[in-house]
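These notes concern the structure reproduced below.
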Amino acid sequence: MKKYSHWFYLIPALLVLVVFKIFPIVLSFGVSFFKWNMAGPSAFIALGNYISVFSDSLFWRSFLNTFYYTIFSLPFSIGLAMFFAILLNSVTRGKTLFRVIYYLPVVTSIVAVSVVWKWVYHPKVGLLNSFLSLFHLKGPAWLDEYRGIFELILRIDLPRGLEGPSLALLSLAAMSVWKSLGYDVLIFLAGLQNIPQTYYEAAKLDGAGAWKTFRHITFPLLSPTTFYVFIMSTIASFQVFAPVWLMTGPPAGGPVDSTNVIVFYLYEKAFQFFRFGAASATAFILFSLLLILTAVQRKYSERRVFYG
Amino acid sequence: MAKSKKIIVYAVLVLGAVSMVAPFYWMLITSFKTPSEAIAIPPTWMPSQFTLSNFKEAWTKVPWFRYFFNTAVVAVFVLIGNLSTSITAGYAFSNFQFKSKNKVFLLFLATMMIPMPVYIIPGYLILTYMNWIDTYAALIVPWTVSVFSIFLVRQHMKSIPSELWDASRIDGCGRFCYLFRVVVPLIKPALATISIFSIVSSWNSFLWPLVVTNSKNLRPIQVGLAYFTQEQSTDYTLLSAAATFTALPLVILFLFAQKQIISSFTRSGLKD
């Protein structure tokens, strides 16, 4: 009896995990090989769902949008967070206050944030365009603009595939930079505090300026943190859903599918069209992508030295 | 640091802080404006007259009290579940030796890699099969285990010197007694972190309750706000008021417990 008493402590947690986390994933993998609707499974179609997802142009659209959303927000997320973390690390007074203010968007729910930002982006009376009008600039209709950013910048019509992410999608990406900035700043701040002070003293003795110190000490020694933030932000970006559901359209995902992202595609497949098989296949495609990212992160963070 | 340089650094930090706060400020002043002032061009940066009617109107349009109540029920039970499962499982992983320990622990950790969107479809199917859709159980039970919390508790329990266990045993205090008399009081800070993290997550959870609730009566606060947004899509004074009073409790909690919240978020490696 005594030999097995650890199970007494483990069973509650294990039971919930098995029933509500592990079994669902196994089930989902199974579902992805069936034609499955509200009534349950109707036919085994092997890779049929994967084939139909991969041959759906909307899936590729949503994939491209997710990719754009990530690639266009990441450099700003990381750059700004590093920048503000370095500034914050250099001051002594008011640190806590700044931390609290920068962190406020992180703890606020994505729903409330989306409501507020939809209003910020309002083409006529939103905060952003009102602010621009102070300088006699006429802001665009942020969330209603389906045209690609390259088209808008170059002021010409570009062929499909070259027009770049729509302004609407970029507006959502910008909001995500704002929302997660505080989180990333705090991670970088922790990373900065791990850099031994002696390096900076040595650099000072050698007469290195602020830029050189950053270029040759801070940046390389911070690279494990940067890498961590990079991977975590990518994983988070690939899962964006709520802002699309709440801020775009109607119909959501618009204008003209230009803000339709993978999770939104998956959600619609499952809960609008009740095609659970195809939706599960989409979920597994997403899952594999994220697993690869996680594996990469694990592999490199175990290799302690990463002085790129 | 030179004084001029210091001024520039603070100026940039303040600029950043202003951009962080500006959308919140915009929401707050809009919620106090009259509907006609809210859409006036050019907009006003301060309401010319403060009105509370938006709050009154928004509050009476949908059953917010019910939504708050639902969220509170879910948050309390998820918290109780989280604390009990992480204390017990953390104890098993830190104070017991058994053959499959590492394997089971790895299994626990592996579940952390499952992204939420992958989980909603099978979760929904299982709950449908169990007839749990539109029940509190659907909102509570799947979230009563947090592997991050178990991990945190395990770390803290591991740092307790084993002499304490030896001493307890001599005094006739067994495994169970040792856990509640000695271990739990010693890991209170970790439990505080877990609790706050659990409450914030329950308060902000959106996708899961969106999928597993259909009835208005079961909607937690975020889903209530989301549907309210769709119904009142153009009435920004009402929306701002609703966003304000749904966000307020958490902002207050954050101001009081900012240290714990920031450290638990940072450690969890989870965004949102």
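Lettering follows sequence order; numbering is per chain, from 1.
- With contacts defined as side-chain heavy-atom distances shorter than 4.5 Å, the pair L10(A)/F96(B) does not qualify.
- When all heavy atoms are compared, the tightest approach of L27(A) to I126(B) is CD2-CG1, 3.7 Å.
- Contact of I120(B) with chain A is made through backbone and side chain together, with heavy-atom distances under 4.5 Å.
- Shortest non-hydrogen contact noted between V16(A) and P142(B) is CG1-O, 4.2 Å.
- Contacts with chain B were tallied for I262(A), I187(A), V125(A); V125(A) has the most, counting heavy-atom pairs under 4.5 Å.
- Proximity of a side-chain donor or acceptor of N204(B) to a complementary backbone N or O of I110(A) within less than 3.5 Å is not detected.
- Counted within 6.0 Å of CZ on F131(A), heavy atoms from surrounding residues, nucleotides or ligands total 12 or fewer; the atom is thus considered open.
- In terms of heavy-atom pairs under 4.5 Å with chain B, the best-connected choice from I25(A), L97(A), L290(A), V31(A) is I25(A).
- In plain terms, the two heavy atoms of V12(B) and Y102(A) that are nearest each other are O-OH, 4.4 Å.
- Between chain B and the options V263(A), V120(A), L17(A), L246(A), the largest number of non-hydrogen pairs under 4.5 Å is found for L17(A).
- Proximity to chain A is limited to the side chain of Q258(B), based on heavy atoms less than 4.5 angstrom apart.
- When each of L179(B), L210(B), L250(B), V223(B) is checked for heavy-atom pairs under 4.5 Å with chain A, L210(B) comes out on top.
- Counting only N and O atoms by type, the side chains of W119(A) and T30(B) include a donor and acceptor under 3.5 Å apart.
- Residue contact with chain A, scored on non-hydrogen atoms closer than 4.5 Å, involves the side chain of A247(B) exclusively.
- With respect to chain A, the highest number of heavy-atom pairs below 4.5 Å among F176(B), Y91(B), Y119(B) belongs to Y119(B).
- Atom CE of M20(B) sits about 10.0 Å away from atom CG of L104(A), to the nearest 0.5 Å.
- In this structure, CZ in R93(A) is found 8.0 Å from NZ in K6(B), a value given to the nearest 0.5 Å.
- In the displayed structure, K124(A) atom NZ is contacted under 6.0 Å by at most 12 heavy atoms of other residues, nucleotides or ligands.
- For chain A, the nearby parts of V14(B) are the backbone and the side chain; heavy atoms of each come within less than 4.5 Å.
- For T44(B), no part lies near chain A; criterion is any non-hydrogen pair under 4.5 Å.
- No other option in A226(B), P23(B), S84(B) has as many heavy-atom pairs under 4.5 Å with chain A as P23(B).
- The structure places OG1 of T229(B) at 11.0 Å from CE of M247(A), a figure rounded to the nearest 0.5 Å.
- Taking L186(A), L88(A), L87(A) one by one and counting their heavy-atom pairs under 4.5 Å with chain B, the maximum is reached by L87(A).
- Panel note: side chain Y124(B), backbone A270(A); no donor-acceptor pair is recorded below 3.5 Å.
- Between F254(B) and V100(A) there is a side-chain heavy-atom pair separated by less than 4.5 Å.
- Closest approach of F287(A) to M113(B), counting heavy atoms only: CE1-O, 3.5 Å.
- For Y129(B), the OH atom is loosely surrounded, since the number of other residues' heavy atoms within 6.0 Å does not exceed 12.
- Once rounded to the nearest 0.5 Å, the distance linking CE of M112(B) with OG1 of T294(A) reads 11.5 Å.
- Neither the backbone nor the side chain of L253(B) has a heavy atom closer than 4.5 Å to any heavy atom of chain A.
- Between atom NE2 of residue H6(A) and atom OG1 of residue T88(B) there is a gap of 13.5 Å, rounded to the nearest 0.5 Å.
- For a residue to count as touching a neighbouring chain, one of its non-hydrogen atoms must lie under 4.5 Å from one of that chain's; by this rule S19(B) touches chain A with the backbone only.
- Only the side chain of T96(A) comes within contact range of chain B, with at least one heavy atom under 4.5 Å from a heavy atom of that chain.
- Closest heavy-atom contact between S28(A) and P122(B): CB-CG, 3.5 Å.
- Highest contact tally toward chain B, considering only V111(A), I101(A), L127(A), is held by L127(A) [criterion: heavy-atom pairs under 4.5 Å].
- The environment of F256(B) atom CZ is sparse: at most 12 non-hydrogen atoms of other residues, nucleotides or ligands sit within 6.0 angstrom.
- Heavy atoms closer than 4.5 Å to chain B are found nowhere in I235(A), neither backbone nor side chain.
- Counted within 6.0 Å of CZ on F105(B), heavy atoms from surrounding residues, nucleotides or ligands total more than 12; the atom is thus considered enclosed.
- Using a 4.5 Å cut-off between heavy atoms, F238(A) makes no contact with chain B at all.
- For the set V211(B), V104(B), T244(B), the entry with the most heavy-atom pairs within less than 4.5 Å of chain A is V211(B).
- Heavy-atom neighbours of F230(A) CZ from other residues, nucleotides or ligands within 6.0 Å: at or below the threshold of 12.
- When heavy atoms are compared at a cutoff of 4.5 Å, A242(B) does not approach chain A at all.
- Residues V91(A) and L13(B) have side chains in contact (heavy-atom distance under 4.5 Å, counting atoms from C-beta outward).
- Judged by distance alone, the side chain of W203(B) and the main-chain N or O of S109(A) form no donor-acceptor pair under 3.5 Å.
- A pairwise comparison of heavy atoms in L207(B) and F241(A) identifies CD1-CE2, 3.4 Å as the closest pair.
- Between L286(A) and P117(B) the shortest side-chain heavy-atom distance falls below 4.5 Å.
- Side-chain contact check for Q230(B) versus W245(A): some heavy-atom pair is nearer than 4.5 Å.
- With a threshold of 4.5 angstrom between heavy atoms, V18(A) does not approach chain B through any atom at all.
- For the salt bridge (charged side-chain N to carboxylate O under 4.0 Å, His left out) condition, the pairs that include at least one residue of residues 267-295 of chain A, sequence neighbours left out, are D56(A)-K269(A).
- With chain A as the partner, the residue from A243(B), P115(B), S146(B) showing the most heavy-atom pairs under 4.5 Å is P115(B).
- Separating the CD1 atom in I262(B) from the OH atom in Y183(A) is a distance of 12.0 Å, to the nearest 0.5 Å.
- More than 12 heavy-atom neighbours from other residues, nucleotides or ligands sit within 6.0 angstrom of CZ on F271(A).
- Aromatic ring pairs are classed by plane angle as parallel below 30°, tilted from 30° to 60° and perpendicular above 60°; the pair W132(B) and F20(A) is parallel.
- With a 4.5 Å cut-off on non-hydrogen atoms, F29(A) does not touch chain B at all.
- For a residue to count as touching a neighbouring chain, one of its non-hydrogen atoms must lie under 4.5 Å from one of that chain's; by this rule L225(B) touches chain A with backbone and side chain alike.
- For a residue to count as touching a neighbouring chain, one of its non-hydrogen atoms must lie under 4.5 Å from one of that chain's; by this rule I22(A) touches chain B with the side chain only.
- Contacts between I221(B) and chain A at a heavy-atom distance below 4.5 Å are absent for every atom of the residue.
- For L134(A), the part sitting under 4.5 Å from any heavy atom of chain B is the side chain, from C-beta outward, and nothing else.
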*Evaluate the criterion ring-ring contact (aromatic ring centres under 6.0 Å, His included) for residue pair F24(B) and W117(A); output intermediate values, then yes/no.*
CA-CA 9 Å; F24(B) 289 112; W117(A) 274 78; 9.5 Å; no
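- Within the 3.5 Å criterion, the main-chain N or O of F93(B) finds no donor-acceptor partner in the side chain of Y9(A).
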